[in-house]
There are 2 protein chains.
Amino acid sequence: MKALPDDDAVPRQASSSGQGTGSSTGQEAAREPGRGGTPVDGTGRSAAPAPGHPATIYDVARRAGVGIATVSRALRGSAPVAESTRTKVLRVVEELGYRPSYLGTSLAQQRHAANGIVFPDLSGPYYAEVVLGHEEAASRLGRSVLIQSTNGRPDPDAAARDLAGRVDGLVLLGRTVGDEMVGEIVTSGLPVVLLARPAIDGADSLRVDNSTAACALGAHLSGHGFATARFLGSPHASHDVAERWAGVLQGFAGSGTRLDLTPCDLDEESGARVARAVLAGPRRPDLLVCANDEIALGAIVAAEEAGLRVGVDVAITGWDDIMAARHARPALTTVRQPMRLLGSNAAEVLDERISRTRTAPRHIVLTADLVIRSSCGSHP
Amino acid sequence: MKALPDDDAVPRQASSSGQGTGSSTGQEAAREPGRGGTPVDGTGRSAAPAPGHPATIYDVARRAGVGIATVSRALRGSAPVAESTRTKVLRVVEELGYRPSYLGTSLAQQRHAANGIVFPDLSGPYYAEVVLGHEEAASRLGRSVLIQSTNGRPDPDAAARDLAGRVDGLVLLGRTVGDEMVGEIVTSGLPVVLLARPAIDGADSLRVDNSTAACALGAHLSGHGFATARFLGSPHASHDVAERWAGVLQGFAGSGTRLDLTPCDLDEESGARVARAVLAGPRRPDLLVCANDEIALGAIVAAEEAGLRVGVDVAITGWDDIMAARHARPALTTVRQPMRLLGSNAAEVLDERISRTRTAPRHIVLTADLVIRSSCGSHP
DNA sequence: TTGAAAGCGCTACCAG
DNA sequence: CTGGTAGCGCTTTCAA
C-alpha cells in the first residue's frame, strides 16, 4: 500500500462549495507569434483551424491542398484515393487533431447511429441489466444508446416521441408508452422493439416465456402439499404478472392446494404491507407466491414481524432473482430471467431492421429458469 | 381535432417564381414512375411531404404559403409573427404532423441537447442509481442522456472521446477513462464533470466525502473492542477505496484494535474468496471492514461456510447500502451514499457550464451516512 | 483521381 | 412582420 494522501481534510459541509481550483485557464495565452491570422494570400492555406473551434473538414482540405471531397474519401475509404494524397491528408488530419463532426456526418447520412431505450425505472436491477445488455451490444454494432426513464415523467408518450426523433431505432420496455403512441412511432417508419409487452403490428417483440416457468413453479410448489396459497400481484396492471399468475394457477391445477389472488404493487413496501394483512387475516395461507422478488422480500419482513418462520411456517417465493434474493435468509426461491440477453437481443433485432437486413417482424421468446432455494420450504 | 374548413386547398402562390431556391438539380425530376412527384405545373405545390419521408420545414412553408423562416419563428417563438400567420402555420404543422428534424436543428444551433455519462458497469445498483438520477435531472433541463459502459470495452478512452463528440457535456464516473484522455476532452472545451474521481484542472468534480464517514465507521467499530481487524479492498485501484481505508484507519487510531489491509476487488466473488483465505489464516480477525457491500456479502457467505456466526464470532461491514445489504442476515452495517443526488447534481453542474451561466469549476462534496445494523456485532 | 457543388433540415441575420 | 439566404459540417453525385 502506498502512502495515503494526507487528505484527512476537514469534513466539508454537505452539499456544494464552489471553489475554483485556483489555476485559471489562461494558459492558452501564448500562441506562436508568427502564426497570427495568416491572411489569405492567394496560395491561401492558413490552416489555422479557427480560434477555439475544432477543425473542420475544410481546414483539413485547405491545409492538405485538396478538396473536401477528397478528405472525406480518404477518411472513410468510400472511393479510391491516390496513395500519396491519402498519406498527405491523413498527416494533416493528425496534425490538426481533426475529428469529423457527428452532427455534420449524421445530417448528411440521414442517420443518428444511436438507439433509444425507454424503461420505467432503473431502481430495480431488472431494467438496469436490460439497459446494460443493450448498451453493450449496441455499441458493438456501432450505435450509441440514449436512455429515457418514464419514472416521474409527466408525459411519457411525448417524451418517447421526442426520443424517437433522435434515434434510428427504439426499444420500449413494458408499459412505458401508450399503445397509441407506439402505433404512431411504428407508423412513422422507425424500427421498434417491444420488450416484455404484447406485440404490436409492425414492431418486433422480445419477451420471456413467463408461462412455462410459472407453470413449473406452480408444479413444484404444489408438490409441497400446501393447503392454501396466495398470489401477491396485480395481473391487470402488468402483462408479465398476468402470465405469471395464469401459469402458476395452471401449475397448481389438480393439486389439493387452493390458490387465491391478492393485488399488490411490485415494490417491497407494498409487498410488506399486503403480506402483513394477508398473514394476519383469516385462513392464513401456507404459501405466498409473489409476482416479483421485491414483493417477496417485503413479505419475508412481514412474516418475521408476525413471528413466522419463513420456509417453515410459511413459504414464500419471488420472481427475477435479483441479488438480494440469494442473500436473504432464507434464500428466496424464484425465477431467473435472461435480462442481459433481452437487452442485447433487442440491439441485434433492431440492427437488422435498421440496416434493412430484414423487413418482416421477429418475435423472440426467451426462457426463464426456476431457481429453487429454501424459502419455499424443505425438500425431502 | 375539429373539422377543418376545406380551406382554399390551393395555397396562394408566394409571389416569386414557383420554385423558391430552385431545385435546379435535374435529379428531382425522375421519381417513381407511377407516383408523379409533384407535377410542376406552374401552380404546382402539391404539398405532399414526399413519399415515405417525414415532412420538412419546406413542406410546411410551401403549404402554408410562407417562407421557412416564418415557420421557424412561428414554431419557436424566436421572433414576433402575425397571429393570423401563426395560426395558419400551426394548422399546417398539425395537418402534416410536422416535427422539426433533430439533426437539422442541432447542426444549425451547434448543440446536441444531450449529455453523456460514462460508467464502469451497471450491475451494481450503485451506478444505476447515479445514471438514473442524472437522466431525470438532465431531462428536466431539456437534455437527453447518452450512456456508455466501459465494462468489457477494448478501448475505453477512444469510446469516451467518441461520445464526447456527440454531446454538450460529459459525466465521467470513477476511473473509467484515463487521465490523459480526460485532459484531452477538457482541453477541447467540452464541459466535463468528474464523479468519484480526483479533480482535474478545468473540470468540475462531484464526490462523496468518504473520509468523514469512514472515520465515523472506524470510530464506531473501535468501540466494539475488537482485537484484530482486516480491511478488504484495494486502495491503489480506486480513489474511493483509498479514502475509505484512510478514514477507517484514522477512526481506529488510538484504539487497541490492530487493523491490517488485504487487497480485494469490488465484487462478491472476490469478497468470498479473500474472506475465505483471511478467515482460515493465522490470527483470524474479529472484524472485516469491506470496501463495499458486495465484498461484505461475499464475506458473509465465506464466514458461514467456515461455521462462524456473523455479528458474533466475526463482525462484517460494507459500504454503499445496496438493497441486498438490508436483506442479508444479519443485516449489514454499512455506509449510505446519496447516489441519486450525485447523478442529478452532475446534470445541474453540467448545465451551468454548458449554458455558460458559470465558468469557474465547481467542486462539490456530498456527505455519506453511517448505517448501523447487526452485522458488526451487538450494541449494548 | 479529383474538385466543385448540391443538398441534408433548420436557424438567424439582413433587407424590405 | 416577413421572405430570402447564408451558413452549420459532411457525403455524394457529376464532370473534368
Side-chain angles (χ1 to χ4, degrees), chain A residues 44-45 49-50 53-62 64-89 93 96 98-113 165-166 168, chain B residues 11-30 49-50 53-62 64-89 93 96 98-113 165-166 168:
Chain A
R45 195 91 60 62
H53 302 294
T56 73
I57 197 173
Y58 286 97
D59 298 316
V60 176
R62 200 178 324 152
V66 302
I68 60 170
T70 299
V71 175
S72 177
R73 286 187 284 246
L75 247 33
R76 50 205 331 270
S78 53
V81 172
E83 191 48 38
S84 61
T85 310
R86 159 187 274 83
T87 309
K88 190 177 12 170
V89 169
V93 163
L96 263 38
Y98 168 73
R99 319 271 323 170
S101 148
Y102 160 73
L103 252 21
T105 308
S106 290
L107 182 57
Q109 298 185 152
Q110 291 291 71
R111 65 170 224 144
H112 304 265
R166 324 181 40 132
D168 301 318
Chain B
R12 257 92 3 103
Q13 176 119 334
S15 71
S16 65
S17 70
Q19 279 296 353
T21 11
S23 28
S24 40
T25 30
Q27 53 196 117
E28 252 302 315
H53 303 293
T56 73
I57 198 173
Y58 286 98
D59 297 315
V60 176
R62 199 178 324 153
V66 302
I68 59 169
T70 299
V71 174
S72 178
R73 286 187 284 247
L75 247 32
R76 50 205 331 268
S78 54
V81 172
E83 191 48 38
S84 62
T85 309
R86 161 189 272 78
T87 309
K88 191 179 9 173
V89 170
V93 164
L96 262 39
Y98 168 73
R99 318 271 326 169
S101 150
Y102 159 74
L103 252 22
T105 308
S106 290
L107 181 57
Q109 297 184 153
Q110 290 291 70
R111 63 171 229 144
H112 304 265
R166 323 182 41 133
D168 301 318

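Computation of the quantities below employed the complete heavy-atom set of this structure, encompassing side-chain atoms and omitting hydrogens, waters and symmetry-equivalent molecules. Below, read A as the first sequence line, B as the second, and so on, with proteins coming before strands; counting in each chain starts at 1. Predicted, not measured: the structure shown is a model, and the values here were computed from it.
- The side-chain contact (heavy atoms from CB on, under 4.5 Å) test applied to A:Ile57 returns A:Ile68, A:Val71, A:Ser72, A:Tyr98, not counting sequence neighbours.
- Remark: A:Leu75 CG to A:Thr70 OG1 distance equals 11.5 Å, nearest 0.5 Å.
- Closest heavy-atom contact between A:Gly67 and A:Ala61: C-CB, 3.8 Å.
- Rounded to whole Å, atom P of C:dT2 lies 20 Å from atom CZ of A:Arg62.
- Of the possible donor and acceptor atoms, one in the side chain of B:Arg86 sits under 3.5 Å from a partner among the backbone N and O of B:Val81.
- Regarding A:Arg86, its CZ atom lies at a distance of 13 Å from the C1' atom of C:dT2, rounded to whole Å.
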Could you tabulate the donor-acceptor pairs under 3.5 Å formed by side-chain atoms of residues 105-112 of chain B, not counting sequence neighbours?
{"from": "B:Thr105", "atom 1": "OG1", "to": "B:Ser101", "atom 2": "O", "distance (Å)": "2.8"}
{"from": "B:Ser106", "atom 1": "OG", "to": "B:Tyr102", "atom 2": "O", "distance (Å)": "2.9"}
{"from": "B:Ser106", "atom 1": "OG", "to": "B:Arg111", "atom 2": "O", "distance (Å)": "3.2"}
{"from": "B:Gln109", "atom 1": "OE1", "to": "B:Arg76", "atom 2": "NH2", "distance (Å)": "2.6"}
{"from": "B:His112", "atom 1": "ND1", "to": "B:Arg166", "atom 2": "O", "distance (Å)": "3.2"}

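- When rounded to the nearest whole Å, the span between CD of B:Gln110 and C1' of D:dC8 equals 5 Å.
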Check: In the 5'-to-3' direction, what one-character label does each nucleotide of nucleotides 10-16 of chain C receive under the scheme B = base within less than 4.0 Å of a protein heavy atom, S = sugar-phosphate only, - = no such atom?
Finding: BBBB---

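- Using a 4.0 Å heavy-atom criterion, one finds that A:Val66 contacts the sugar-phosphate atoms exclusively.
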